[in-house]
Amino acid sequence: MIRISSNFDSGNIQVVDAQSADDIKLSIVPDNEANFFQWFYFRLQGCKKQPCRLQILNASRAAFPDGWSGYQALASYDRENWFRVSTDYDGTQLVISHTPDYDSVYYAYFVPYSYERHLDLIARTQGMKHCRLLDLGESVEGRAIELLRMTNDQARDNKRNIWITARQHPGESMAECFMEGLLSRLGRIHDPLIESLLEKVVFYLVPNMNPDGTLHGHLRTNALGVNLNREWHEPNMERSPEVYFVLEAMKATGVDLFLDIHGDETLPYIFMLGCQANSNYSERLGSLEAQFKQAFLAASPEFQVEEGYELGRFGTETLKLASNQVGHRFDCLALTLEMPFKDNANLPDLTKGWSAERSNQLGQAILDPIHAVLGQLR
Ligand code: ZN
């Protein structure tokens with residue numbers, strides 16, 4: 001018997017028809033109270049060695065239908081090792097064709113980073129040297145908004161305050177893989193770059209801005225269907241406590257550099273967006289941004305500056321976005337980082353595409369440009 005299920009952490013799928021393996025019909029469930037959908041994650045049982053044809057019927061109505069062209073879905077038997085499988089988009093449906101080697105197989109839009117995995121990350125990070133775990137408040141459904149504060153408390157005062165947030169959009173699970181990499185490098189002892197950073201910087205790291213959306217298998221919103229990255233102009237305790245508590249903590253510490261980590265459904269590149277659209281975007285911030293990007297290019301061959309969004313993409317919504325609002329409010333360098341769901345077209349990997357491992361490595365590499373601009377941040 002064929003069984004398809006998604007009633008687990010970060011799962012998302014609805015079964016329309018699963019009578020025969022070569023004609024399975026599915027649809028992605030929209031975020032609660034919202035029309036956004038694109039994230040899927042489900043388990044298929046009972047199809048060992050059978051050619052399966054999994055059709056996602058509502059693909060063309062997803063948040064970013066352009067994201068499906070050139071996209072290959074991910075599969076895994078053990079939820080550790082994920083690989084790409086043959087996937088086609090005909091303009092209406094997304095069709096995954098795969099013959100599973102085993103009785104149980106998982107499929108997902110990207111490598112899942114579940115809420116349980118997030119809790120594991122927090123649990124092992126809090127034991128790291130120079131790390132403190134702070135609880136900022138609660139999400140809509142009462143999950144902790146967790147902040148990791150990392151600095152060498154023995155070192156001098158007058159440190160720079162660097163904030164990095166990830167996963168406002170819960171479907172962008174690569175953002176938390178990135179944070180995992182960044183944290184693992186910050187935890188390295190006897191690394192002179194890390195020692196130097198922790199003497200001069202207080203890192204404020206929020207690995208998961210949206211725990212409710214993560215658990216529910218949402219693409220873009222919190223439990224109330226609110227897109228957190230449009231709430232930063234006036235976050236609200238009822239609608240968007242996740243942003244409210246983080247912004248209040250930022251006001252208390254000040255911000256000298258802000259990075260907000262995301263994934264992009266459509267573009268097969270790693271790119272960064274600055275705050276050129278902000279009224280206070282000055283020559284100082286422009287040259288800081290250029291210096292940061294130059295150092296990032298030197299630190300990682302994955303990063304590039306040729307491809308990205310066109311200027312003015314967010315129009316009148318600009319100051320509702322985290323990086324623009326924080327850059328404006330604190331007059332600091334503020335950047336959004338986007339990683340692909342598909343692959344990096346400049347360094348393609350036919351087996352895995354863009355992966356959890358590469359996101360992790362990029363998170364480690366980001367500490368180099370941070371170190372490079374440290375002296376000029378204020
Ligand atoms: Zn995003």
Side-chain angles (χ1 to χ4, degrees), residues 1-8 10-30 36-114 171-174 217 219 263-268 339-345 347-359:
M1 195 186 110
I2 299 173
R3 183 188 300 282
I4 293 172
S5 55
S6 64
N7 54 346
F8 43 79
S10 288
N12 182 323
I13 207 69
Q14 188 171 19
V15 178
V16 177
D17 185 359
Q19 297 297 311
S20 61
D22 62 358
D23 189 25
I24 292 170
K25 293 184 170 73
L26 307 166
S27 66
I28 304 174
V29 182
F36 296 117
F37 65 89
Q38 193 130 4
W39 172 261
F40 60 87
Y41 175 26
F42 59 91
R43 181 185 189 190
L44 169 68
Q45 292 170 267
C47 292
K48 183 177 179 177
K49 304 294 182 194
Q50 293 180 54
C52 293
R53 194 161 180 275
L54 303 143
Q55 306 151 79
I56 295 178
L57 303 182
N58 60 350
S60 65
R61 297 196 301 279
F64 303 94
D66 291 347
W68 300 128
S69 69
Y71 167 77
Q72 304 287 295
L74 285 142
S76 175
Y77 300 111
D78 58 7
R79 300 198 291 175
E80 289 286 324
N81 179 42
W82 290 85
F83 52 92
R84 301 273 170 173
V85 290
S86 173
T87 307
D88 287 296
Y89 179 61
D90 64 6
T92 309
Q93 301 180 6
L94 187 78
V95 181
I96 302 169
S97 304
H98 183 229
T99 305
D101 285 340
Y102 299 101
D103 290 310
S104 169
V105 56
Y106 291 84
Y107 298 97
Y109 183 38
F110 192 76
V111 177
Y113 203 107
S114 66
E172 296 161 10
S173 49
M174 62 288 279
L219 176 73
D264 182 85
E265 286 79 0
T266 308
L267 292 176
M339 288 173 279
F341 276 85
K342 298 173 187 173
D343 201 351
N344 177 359
L347 286 170
D349 176 336
L350 297 179
T351 308
K352 291 195 158 192
W354 187 251
S355 62
E357 294 83 354
R358 291 166 83 183
S359 308

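Every heavy atom of this structure was used, including side-chain atoms; hydrogens, water molecules and symmetry mates were not.
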*Please walk me through it: do Gln93 and Asp88 pass side-chain hydrogen bond (donor to acceptor under 3.5 Å, both in side chains)?*
CA-CA 8 Å; Gln93 301 180 6; Asp88 287 296; over 6 Å; no
- Message: Less than 4.5 Å apart, side chain to side chain, heavy atoms only: is that true for Ile24 and Leu44?
- Response: yes
Heavy-atom closest pair (Ser114 atom, Ser10 atom, distance to 0.1 Å) is CA-OG, 3.4 Å
d(His98 NE2, Cys47 SG) to nearest 0.5 Å is 11.0 Å
With a 4.0 Å cut-off, would you call Lys49 and Asp101 a salt bridge? yes
Rounding to 0.5 Å, atoms CD (Gln72) and OG1 (Thr351) come to a distance of 11.5 Å
Closest non-hydrogen atoms of Gly263 and Glu265, given as atom of the first, atom of the second and distance, are O-OE1, 4.0 Å
Rounding to 0.5 Å, atoms CH2 (Trp354) and CG (Asp264) come to a distance of 13.0 Å
Using modelled atom types and a 3.5 Å cut-off, is there a donor and acceptor pairing between side-chain atoms of Gln55 and backbone atoms of Lys25? no
Which label fits Tyr109 and Trp39: parallel for a plane angle under 30°, tilted from 30 to 60°, or perpendicular past 60°?
perpendicular
Side-chain donor/acceptor of Lys352 to backbone N/O of Asn81, under 3.5 Å: no
Rounded to the nearest 0.5 angstrom, the CD1-OG distance for Ile13 and Ser27 is 6.5 Å
Between Phe42 and the options Leu26, Asn12, Asn7, the side-chain contact (heavy atoms from CB on, under 4.5 Å) test singles out Leu26
Residues Trp68 and Ala62: closest non-hydrogen pair is NE1-CB, 3.7 Å
- Check the angle between the aromatic planes of Phe8 and Tyr41 and answer parallel, tilted or perpendicular using the 30° and 60° thresholds. perpendicular
Item checked: Phe83 ring center near Tyr77 ring center (under 6.0 Å) -> yes
Quiz item: Would you find a donor on one side and an acceptor on the other, under 3.5 Å apart, between the side chain of Arg61 and the backbone of Phe37?
Solution: no
Q) Does the Arg43 side chain pair with the main chain of Arg3, one donor and one acceptor, at a distance under 3.5 Å? A) no
